[in-house]
Amino acid sequence: MLFSNVVGQQPAKDGLLTMWRNNLLPHALLINGHEGTGGLPLALALAQFIFCENKTEKDSCGHCASCSKVTRLEHADLHFSFPSIVPRSGVKAMSRHYIGEFKEFVKQSPYGTTYDWLQHIEAENKQGNLTAEECREIIDTLNLKSYEGGRKILIMWRPEYLGKEGNILLKLIEEPPADTLLIFVAENSEDILQTIRSRTQEIKLAPISPADIALALTTRSLADPKRAAQAANMAQGSYTEALRLIRETDNDLYPEASRLLKAILGNGTEIAKFAEDWSKNGREQQKNLLNYIIQLIEQAIRYRYTQNDAIPLAEQEIKFVKYFAGFPISVNGLSELVTTLSNTIYYIERNAHSRTQLHALGIRMQCLLKNKPLHPALK
């Protein structure tokens, strides 16, 4: 993994590289960022940079023998620890039982979630765990000599899954063997033992900007610019969520959002037809459309009070936003529209009858936009 392949997170990359150049890289790092912000890819990029034989000022070369080994996740001095489950009765949960599956998972989905990982190993309802036995094995492994005569790196993905057993690692974190780097990759540092957190240098990852997400989607040929921009603006800073949206959104969402608005401003027949048509789509597709409309309305609220700011959307969407911003409805009314859409998403997620929910949504939105009282049955 090259630093250039990590989506966004330039401040974090620059900070790590600066520490490296100044010989200030600590022996225990905690990379902390919400799901989809790239903690694991960043840890892999740092490991590859450290092992690289021909590194530049800003990245690893990507071609030397060491880079190739890290890319394949086969470098002998790069070790992994991650939540695992009991493989069979009488055997403790240990990363080594699933290391092959983990490497396959990371190669396929470096931005994958813990839930995705546990599904990958068919954990079903079993809870992933990092056990005391795992901690002791980490200590034994890192106290061995380096296989290739250089540094040793451990990447622990999701240290939140360490219980009090994590205290077993405290001496290792405080005084690791020479040339050993520990990288903990977390999504919520508050769930990590304070005794571990206090012994690490934390690198906080910010939500990824829509521009960086859209650029990654287009340059990797995952979406055309319009769909990439829509997914990026809906992803709330998560590249993982953007990938999900691209997978589950078949077409450009704007025409259907525009169609719903025209139906709302028209008559009940058009609303009923919209609800009938969209009830035939999958629930994820329905939720994606409603989330997209929420994003447009939120942009309209921003534009109403910051008209000098550029709207990071396509031309058609900008017209939609400006129209909504100028619509004779209060900010409270726009906020209520967002609440109505969010509630509909909530009910659809819980398997409510989608045609009924979409029809009721259209009527509620029509009443709000036309300043008509809601029928008691719709409240």
So, Glu187 and Arg158, do they make that salt bridge, N to O below 4.0 Å?
yes
If we only count heavy atoms from C-beta on, is the Leu46 to Leu29 side-chain gap below 4.5 Å?
yes
Can you tell me which residue pairs pass the salt bridge (Lys or Arg N to Asp or Glu O under 4.0 Å) test with a partner in residues 190-218, sequence neighbours excluded?
Glu174-Arg199, Glu190-Arg197
With no hydrogens and no angle check, do the side chains of Gln357 and Thr344 hold a donor and an acceptor under 3.5 Å apart?
no
Under 3.5 Å, sequence neighbours excluded: what are the donor-acceptor pairs made by side chains of residues 161-169?
{"residue": "Asn167", "atom": "OD1", "partner": "Thr195", "partner atom": "OG1", "Å": "2.7"}
{"residue": "Asn167", "atom": "ND2", "partner": "Lys164", "partner atom": "O", "Å": "3.2"}

Do you see a donor-acceptor pair shorter than 3.5 Å between the side chains of Gln48 and Ser60?
yes
Just checking, any donor-acceptor pair under 3.5 angstrom between side chains of Tyr292 and Glu317?
yes
Would you sort out whether Met156 and Leu130 count as a side-chain contact (heavy atoms from CB on, under 4.5 Å), showing the intermediate values?
CA-CA 10 Å; Met156 178 178 282; Leu130 286 164; 4.1 Å; yes
Would you check if Thr37 and Gln9 make a side-chain contact, meaning some heavy-atom pair closer than 4.5 Å?
yes
Does a donor on one side chain sit under 3.5 Å from an acceptor on the other, for Asn332 and Ser335?
no
Can I get a per-line list of side-chain donor-acceptor pairs under 3.5 Å for residues 87-95, giving both atom names and the distance, sequence neighbours left out?
{"residue": "Ser95", "atom": "OG", "partner": "Phe82", "partner atom": "N", "Å": "3.0"}
{"residue": "Ser95", "atom": "OG", "partner": "Phe82", "partner atom": "O", "Å": "3.1"}
{"residue": "Ser95", "atom": "OG", "partner": "Glu134", "partner atom": "OE1", "Å": "3.3"}
{"residue": "Ser95", "atom": "OG", "partner": "Glu134", "partner atom": "OE2", "Å": "2.4"}

With sequence neighbours left out, which residue pairs that include part of residues 259-272 fulfil the salt bridge (Lys or Arg N to Asp or Glu O under 4.0 Å) condition?
Glu256-Arg259, Arg259-Asp277
Say whether Thr340 and Arg364, considering side chains only, have a donor N or O and an acceptor N or O under 3.5 Å apart.
no
Partners passing side-chain hydrogen bond (donor to acceptor under 3.5 Å, both in side chains) against Lys69 (at least two apart in sequence or in another chain)
Glu148
Does Ile294 reach the side chain of Ser342, with side-chain heavy atoms less than 4.5 Å apart?
yes
Please work out whether the ring planes of Trp117 and Tyr98 are parallel, tilted or perpendicular, with thresholds of 30° and 60°.
perpendicular
Only counting residues at least two apart or in another chain, list the ones meeting side-chain contact (heavy atoms from CB on, under 4.5 Å) with Ile271.
Ala263, His359, Gln366
Determine whether Ile297 and Val321 satisfy the following criterion, side-chain contact (heavy atoms from CB on, under 4.5 Å), listing intermediate values before the conclusion.
CA-CA 7 Å; Ile297 295 174; Val321 165; over 6 Å; no
Does the ring center of Trp157 lie less than 6.0 Å from the ring center of Phe184?
no
Check whether more than 12 heavy atoms from other residues, nucleotides or ligands sit under 6.0 Å from atom NZ of Lys319, and answer yes or no.
no
Fit a plane to each ring of Tyr254 and Phe320, take the angle between them on a 0 to 90° scale, and name the class: parallel (under 30°), tilted (30 to 60°) or perpendicular (over 60°).
perpendicular
May I ask you to test the Leu154-Ser81 pair for a side-chain heavy-atom distance under 4.5 Å?
yes
Does either side chain, that of Asn291 or that of Gln295, offer a donor lying less than 3.5 Å from an acceptor on the other one?
no
Check: Asp140 and Leu144 side chains under 4.5 Å, non-hydrogen atoms
no
Do the side chains of Leu17 and Phe49 get nearer than 4.5 Å, heavy atoms only?
yes
Look at the aromatic rings of Phe274 and Trp278 and report parallel, tilted or perpendicular, splitting at 30° and 60°.
parallel
Verdict with reasoning, Trp20 to Lys55, per side-chain contact (heavy atoms from CB on, under 4.5 Å):
CA-CA 12 Å; Trp20 171 265; Lys55 61 177 69 68; 4.1 Å; yes
Before accepting this row, confirm whether a basic side-chain N of the pair Lys107/Glu104 lies closer than 4.0 Å to the acidic partner's carboxylate O.
no
